[in-house]
Chemist: 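Before anything else, here's the structure in question.
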Amino acid sequence: MTGFEVLQAVDAEVSTCQRCELHFSRKIAVPGEGPANAKLMFIGEGPGFHENEKGRPFVGSAGAFLDELLASIGLKREEVFITNVVKCRPPANRDPQIEELHACSDFLEQQIQAINPKLIITLGRISMVRFLPNVKISEMHGQAVRVRGRLVIPMYHPAAALHQPSLRDTVISDFSQLPEWMVKAGNIPEMQPDVVFAENHKQRSEQLSLF
Ligand code: URA
């Protein structure tokens, strides 16, 4: 099967999936969208109200900000793949539960394998922990880490940046580094997340001690 065919098969399966409780309350499942040859893949947490209505990821206010962030680095949403760790809306936008994350995990894995993106950008803590379970987003945001062969950059969720104006500039600045990470992508060695965390922590402590 081609990457495109795998994505189509995932879409079809997600749309009728009953692997977890979320199917009871969903209106339309949201598998994700974008080209099968996308170089960048963005992974959010789960569909919200508007996504559940339309069956498309990031189409509410967080999505409008994501579109702005993409435009700031010269990209359109049609050029990247956008999805979530869970494909159905958690009721009242609560965090997805562990069994829901597990139930949906295989869909995301198939999408990653089909697209084979150069960079995976996780949006928010919940999608970050899928790749980097032992780190803090406040320590790791904007840093590229190779995990199981994949280059992952954790970022704050655009919705968090909308609610906390202090994060807005951080997210804009982290996005501005993406083109550079794309160029460096091939040269970043595999590292254990705990090593990365320790190194990053040390680096920031050293930076702080300069003041
Ligand atoms: N927040 C997410 O994490 N994903 C969406 O698709 C929309 C909002």
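Note that ligands are numbered from 1 as they come in the structure, with each ligand's atoms numbered from 1 the same way. For this chain, numbers begin at 1 and follow the sequence in order.
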Chemist: Taking distance alone, with no angle check, do F58 and ligand 1 share an N/O pair under 3.5 Å?
Modeler: yes

Chemist: Hey, are E190 and R148 close enough for a salt bridge, meaning a charged N less than 4.0 Å from a carboxylate O?
Modeler: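 Between R148 and E190 there is no salt bridge, as every charged N stays at least 4.0 Å from the carboxylate O atoms.
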
Chemist: Starting from atom 4 (N) of ligand 1, what is the nearest protein heavy atom, named by residue and atom, and what distance separates them?
Modeler: N84 OD1, 2.7 Å

Chemist: Using a strict threshold of under 4.0 Å (side-chain N to carboxylate O), is an ion pair present between R19 and E13?
Modeler: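 Yes, E13 and R19 are salt-bridged.
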
Chemist: Tell me whether R56 reaches ligand 1 (any heavy atom closer than 4.0 angstrom to a ligand atom).
Modeler: no

Chemist: What part of E45, side chain, backbone, both or neither, has a heavy atom within less than 4.0 angstrom of ligand 1?
Modeler: both

Chemist: Out of G60, G44, G46, who gets a non-hydrogen atom closest to atom 5 (C) of ligand 1?
Modeler: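 Looking at heavy atoms only, G46 sits closest to atom 5 (C) of ligand 1.
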
Chemist: Applying salt bridge (charged side-chain N to carboxylate O under 4.0 Å, His left out) to R89 and E51, what does each step give before you reach the verdict?
Modeler: CA-CA 8 Å; R89 183 190 184 199; E51 292 75 22; over 6 Å; no

Chemist: Please list, in number order, the atoms of ligand 1 under 4.0 Å from a heavy atom of H157.
Modeler: 1 (N), 2 (C), 3 (O)

Chemist: Of I153, L70, N84, T83, which is the lone residue that meets side-chain contact (heavy atoms from CB on, under 4.5 Å) with F42?
Modeler: L70

Chemist: For I137 and M128, which heavy atoms make the closest approach, and how far apart are they?
Modeler: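 Here I137 and M128 meet closest at N-CE, 3.7 Å.
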
